[in-house]
Amino acid sequence: MRSLHSSVLKWPDARTVDAAVRAWAAQLASAHPEVLKVGYWGSYARGDWGVGSDVDLVLILSRSDLPFDQRGRTLDATSLPVPADLLVYTLEEWLNLPEEGRFKKTLASEIVWVFERNP
């Protein structure tokens with residue numbers, strides 16, 4: 001039984017996060033022609049998100065002059081309703097992810113693409 005002074009934790013649901021990520025991706029892509037694809041994976045893609053969940057984003061760029069570990073820092077995802085983790089690959093890096101191991105298989109089975117640039 002809750003008292004009048006108890007806290008209630010609310011967190012954005014999957015539909016809200018999906019819509020926000022789609023809008024963010026479209027805006028990002030319009031400002032950055034090198035953005036080829038944007039997707040999310042992890043708890044929001046699987047449907048097992050909860051209070052405190054972040055959204056795991058994957059971006060694929062045609063090219064980048066920055067090292068892999070610095071690319072995500074250049075993109076502002078603070079407009080999203082939940083914290084975001086960004087993995088930013090060039091197309092070449094994405095195509096050359098190792099086939100063995102769980103990471104590529106996990107991405108392939110979970111990812112929800114929200115933006116794809118038409119060639």
Side-chain angles (χ1 to χ4, degrees):
M1 175 181 244
R2 283 192 278 169
S3 73
L4 293 176
H5 303 290
S6 65
S7 298
V8 175
L9 297 176
K10 293 183 80 174
W11 202 254
D13 64 14
R15 183 176 292 142
T16 301
V17 171
D18 179 85
V21 170
R22 288 176 189 278
W24 177 82
Q27 186 177 36
L28 180 72
S30 70
H32 298 278
E34 68 275 13
V35 174
L36 301 177
K37 291 178 91 169
V38 178
Y40 64 91
W41 61 288
S43 63
Y44 275 101
R46 290 189 308 266
D48 59 3
W49 58 274
V51 172
S53 291
D54 65 357
V55 62
D56 300 300
L57 300 172
V58 172
L59 286 80
I60 301 175
L61 310 178
S62 59
R63 61 171 186 74
S64 177
D65 296 329
L66 294 173
F68 180 81
D69 63 339
Q70 293 179 17
R71 293 179 199 150
R73 296 182 205 160
T74 66
L75 303 172
D76 181 9
T78 58
S79 65
L80 295 172
V82 296
D85 282 331
L86 283 76
L87 296 176
V88 185
Y89 293 94
T90 64
L91 180 58
E92 182 179 357
E93 291 166 342
W94 180 255
L95 294 174
N96 290 309
L97 280 176
E99 292 294 329
E100 67 281 347
R102 293 178 43 194
F103 184 66
K104 189 169 186 175
K105 291 175 186 171
T106 299
L107 285 177
S109 68
E110 290 183 5
I111 200 156
V112 175
W113 294 111
V114 297
F115 174 83
E116 295 187 57
R117 189 175 302 280
N118 293 329

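If you're wondering where the values come from, they're calculated on a predicted model, not measured in any experiment. Starting from 1, each residue takes its place in the sequence as its number.
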Donor-acceptor list for residues 58-65 side chains, cut-off 3.5 Å, not counting sequence neighbours:
from: Ser64; atom 1: OG; to: Leu66; atom 2: N; distance (Å): 3.2
from: Ser64; atom 1: OG; to: Arg71; atom 2: NE; distance (Å): 3.4

Mark yes or no for whether Glu93, through its side chain, and Thr90, through its backbone, hold a donor-acceptor pair below 3.5 Å.
yes

Under the ring-ring contact (aromatic ring centres under 6.0 Å, His included) definition, can you give me all pairs with a residue in residues 58-86, not counting sequence neighbours?
Phe68-Tyr89

For Tyr40, which residues count as a ring-ring contact (aromatic ring centres under 6.0 Å, His included) partner, sequence neighbours excluded?
none

ring-ring contact (aromatic ring centres under 6.0 Å, His included) filter on Trp113, not counting sequence neighbours, yields Trp94

Considering non-hydrogen atoms only, spot the tightest contact between [X] and [Y] and give its length.
{"X": "Leu87", "Y": "Trp41", "value": "CD1-CZ2, 4.0 Å"}
{"X": "Ala25", "Y": "Val114", "value": "CB-CG2, 4.0 Å"}
{"X": "Pro83", "Y": "Trp11", "value": "CD-CZ2, 3.9 Å"}
{"X": "Trp49", "Y": "Pro12", "value": "CZ3-O, 3.4 Å"}

For Gln70, look at atom CD and say whether over 12 heavy atoms of other residues, nucleotides or ligands are found less than 6.0 Å away.
yes

With sequence neighbours excluded, residues passing side chain to side chain contact (heavy atoms under 4.5 Å, CB included) with Ala84:
Val55, Leu57, Ala77, Leu80, Leu86

With sequence neighbours excluded, what pairs up with Pro98 under the side chain to side chain contact (heavy atoms under 4.5 Å, CB included) test?
Glu100

In the single-linkage hydrophobic clustering (I, L, V, M, F, W, Y; side-chain heavy atoms under 4.5 Å), do Leu95 and Val88 co-cluster?
no

Check whether Val35 and Leu107 end up in the same hydrophobic cluster, where Ile, Leu, Val, Met, Phe, Trp and Tyr are linked by side-chain heavy atoms less than 4.5 Å apart.
no

Does Thr16 have any side chain to side chain donor-acceptor pair (under 3.5 Å) partners at least two apart in sequence or in another chain, and if so, which?
Asp13

Residue list, side chain to side chain donor-acceptor pair (under 3.5 Å) with Thr78, at least two apart or on another chain
Asp76

In chain order, what residues pass the salt bridge (Lys or Arg N to Asp or Glu O under 4.0 Å) check against Lys105, with sequence neighbours excluded?
none

Asp48: what forms a salt bridge (Lys or Arg N to Asp or Glu O under 4.0 Å) with it, not counting sequence neighbours?
Arg46

Looking at Val82, Asp56, Val112, Asp54, which hits side chain to side chain contact (heavy atoms under 4.5 Å, CB included) with Tyr44?
Val82

Applied to residues 19-33, the side chain to side chain donor-acceptor pair (under 3.5 Å) test, sequence neighbours excluded, yields Asp18-Arg22, His32-Glu34

State the CG-CG distance between Asn96 and Leu91, to the nearest 0.5 angstrom.
9.0 Å

